[in-house]
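It should be emphasised that the depicted structure is a prediction, and the values quoted were computed from it without experimental measurement. Sequence positions, counted from 1, serve as the residue numbers for this chain. Side-chain atoms are counted along with the backbone in the values below, which use heavy atoms only and exclude waters and symmetry mates.
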Amino acid sequence: MRLTILGGGGFRVPLVYGALLRDRAEGRVTHVTLHDLDPARLTAIARVLADQADGVADAPSVTVTTDLDEALRGADFVFSAIRVGGLEGRAADERVALAEGVLGQETVGAGGIAYGLRTVPVAADIARRVARIAPEAWVINFTNPAGLVTEAMSRHLGDRVIGICDSPVGLGRRVARVLGVTDPARARLDYVGLNHLGWLRGVYDDEVPGRGNLLPALFDDERALTSFEEGRLFGAAWLRSLGSVPNEYLHYYYFNRETVTAYREAKQTRGAFLRDQQARFYDGMTDRTSGALAAWDRTRAEREATYMAENREAAGAGERAADDLESGGYEYVALALMRAIARDERAMLVLNVRNGLGGDDGTVPLPLLDEAAVVEVPCLVDATGARPVAVSPLTGHEAGLVAAVKAVERCVLEAGESGSARAAVKAFALHPLVDSVGVARRLLDGYRGAHPGLGYLRFEAE
């Protein structure tokens, strides 16, 4: 099989290639094409991959290109992990929002909206080109905001685009491990929501017949409840109040004021830290003739250790524990998804798919949303693609948040497709973490000034 990685000069590409090297089964990926707009980044990552493949028999061959059409030709799978505007754009997203006293995080709140406004037109163009050049390819989207971008691409690719995220995977494994599930990686999860806005309501160990939902027992054990990342972030009392374990990104909603304060007081925002850190890595690769993999691995370890540092500071959660440093494994989700489709190996995965892909009886996982809405739920995957399975109904406050954020996403899609600045202002104003229409207008002004790529947004009178 042939895999094309868009954003092939991205820092996390070696994670994907490493997973491919460990996949020795028949029908595996034999060729990887890296596509990126930056030749220097492509060269750097290609060197890391060459180190990874050293001494590995039958390692997938690697080619690089800056030509998108060339990259797509002949692809069986297309993995999209692009970053429109780069890390400098992410740092600007944070800066503009924090100046207005609101959250500028990459996928949540004002920062996520700004990132979406930059990314939707590019993602839609990629989807149209995939449909023209590689119509039989499956697209796996990891580009953030993942649910929003997947929905934008689905308007051109239908159900042949599937979004992935490592957050639900990591959450499910951590909780399953604490609950003593036989194989945490195979735990069956009752998880539902949108990307970076979901809740874990059930954990099942199918290796032990007759056992029901194990999650309620967690809330009765104070030590177990605070022994993993999300337990320390949210606190035992709040998790008991919810009766579920939220995705870590809901910390930005439940503890927004504390998090914004921590972000404003930090020496650097997360985007600025990653921008500087990765610049050092890529600059150091320019003349490097050996040790590319070791340099990459050192940088990756620092990146993982500092993940969501501001949130942990706001929660008083301390440093990340060794178990929490383990990646949620988006590369393993991508590989499992490709295997299930290409080899017709049934798998159960939490994915971002259309709400209307539910059961044959016409039911949908989230009845409050229309069928075209992309949601994040457990799915059964085989050669025909991904189909959501039944999940528990959303509670009142969960449903309210999901409906509000999906309305915001729809405004971003409208703005991205039509160039309407009014729709963009509406997206900012409707978001639960933006508290004023006036702030929303200033945010758009600030982002248009910071990002030339948002020049396509125009008011009717302009």
Side-chain angles (χ1 to χ4, degrees), residues 80 82 84 93 97 102-124 126-127 139 141-159 161-165 167-168 192-199 247 249-250 252-253 350-357 364-377 388 394 397-434 437 440 443-444 447 454 456-457:
S80 178
I82 64 173
V84 181
D93 290 344
V102 298
L103 186 70
Q105 201 276 335
E106 177 185 29
T107 62
V108 176
I113 293 170
Y115 191 21
L117 290 171
R118 292 201 307 278
T119 305
V120 163
V122 177
I126 289 171
V139 176
N141 177 60
F142 188 67
T143 297
N144 277 324
L148 169 64
V149 172
T150 300
E151 187 164 331
M153 298 183 85
S154 73
R155 296 183 175 187
H156 307 280
L157 294 170
D159 301 327
V161 57
I162 299 170
I164 65 170
C165 180
S167 290
V192 63
L194 306 178
N195 180 241
H196 290 180
L197 190 82
W199 296 263
N247 184 295
Y249 284 84
L250 273 153
Y252 294 114
Y253 292 85
V350 177
L351 301 168
N352 287 266
V353 297
R354 282 196 314 112
N355 197 32
L357 280 175
V364 293
L366 276 68
L368 78 161
L369 301 180
D370 59 66
E371 292 189 354
V374 165
V375 298
E376 189 169 80
V377 292
L394 292 168
H397 103 276
E398 293 169 353
L401 271 178
V402 165
V405 173
K406 180 54 70 175
V408 170
E409 290 184 353
R410 289 290 170 76
C411 290
V412 175
L413 288 170
E414 179 187 348
E417 292 174 353
S418 69
S420 169
R422 292 184 188 280
V425 169
K426 189 175 179 182
F428 287 114
L430 292 182
H431 199 282
L433 302 184
V434 176
V437 175
L443 284 169
L444 181 59
Y447 284 129
L454 291 183
Y456 77 91
L457 293 170

Atom pair [atom1]/[atom2] of [X] and [Y] - distance to nearest 0.5 Å:
| X | Y | atom1 | atom2 | result |
| --- | --- | --- | --- | --- |
| Asn195 | Phe142 | CG | CZ | 9.0 Å |
| Thr119 | Leu148 | OG1 | CG | 8.0 Å |
| Asp93 | Ile113 | CG | CD1 | 10.5 Å |
| His397 | Tyr253 | NE2 | OH | 11.0 Å |
| Leu157 | Ile162 | CG | CD1 | 11.0 Å |
| Leu454 | Tyr447 | CG | OH | 10.0 Å |

Practice item. Any chance you could lay out the side chain to side chain contact (heavy atoms under 4.5 Å, CB included) test for Glu414 and Lys426, step after step, and finish with the verdict? Key: CA-CA 10 Å; Glu414 179 187 348; Lys426 189 175 179 182; 6.0 Å; no
Review point. Considering residues at least two apart in sequence or located in another chain, which fulfil the salt bridge (charged side-chain N to carboxylate O under 4.0 Å, His left out) criterion with Glu398?
Key: Arg201
Check your understanding: Does Lys406 pair with Glu151 as a salt bridge, N-O distance under 4.0 Å?
Key ->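 Yes.
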Check your understanding: Any ion pair linking Asp370 and Arg410 (charged N to carboxylate O, less than 4.0 Å)?
Key -> yes
Practice item. Could you please spell out the steps behind the side chain to side chain contact (heavy atoms under 4.5 Å, CB included) verdict for Leu250 and Tyr252? Key: CA-CA 5 Å; Leu250 273 153; Tyr252 294 114; over 6 Å; no
Under the criterion side-chain contact (heavy atoms from CB on, under 4.5 Å), which of [options] is the partner of [X]?
| X | options | value |
| --- | --- | --- |
| Leu194 | Leu369, Asn247, Val374 | Leu369 |
| Val108 | Leu197, Val405, Leu103 | Leu103 |
| Val149 | Val412, Leu413, Val161, Asn141 | Asn141 |

Exercise for review: Please confirm whether the backbone N or O of Asn352 pairs with a side-chain atom of Thr150, one donor and one acceptor, at under 3.5 Å?
Suggested key: no
Check your understanding: Is there a donor-acceptor pair under 3.5 Å between the side chain of Ser154 and the backbone N or O of Asp159?
Key ->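 Not a single qualifying donor-acceptor pair exists.
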Could you tell me which non-hydrogen atom of [X] sits nearest to which non-hydrogen atom of [Y], and how far apart they are?
| X | Y | result |
| --- | --- | --- |
| Ser420 | Leu457 | O-CD2, 3.8 Å |
| Val408 | Ala427 | CG1-O, 3.5 Å |
| Asn144 | Tyr115 | O-CE2, 3.2 Å |
| Pro388 | Arg354 | CG-O, 4.0 Å |
| Gly116 | Pro121 | O-CD, 4.5 Å |
| Leu368 | Ala399 | CD1-O, 3.4 Å |

Check your understanding: Are Glu371 and Asn355 close enough that a side-chain donor and a side-chain acceptor fall under 3.5 Å?
Key -> no
Point to revise | Pairwise side-chain contact, Met153 with Ile126, heavy-atom cut-off 4.5 Å (strictly under) | key: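 The answer is yes, as the side chains (C-beta and beyond) meet within the 4.5 Å cut-off.
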**Study point:** Trace of the side chain to side chain contact (heavy atoms under 4.5 Å, CB included) decision for Ile82 with Val84
**Key:** CA-CA 6 Å; Ile82 64 173; Val84 181; 4.0 Å; yes
Practice item. Just say parallel, tilted or perpendicular for the rings of Tyr249 and His196, cut-offs at 30° and 60°. Key: parallel
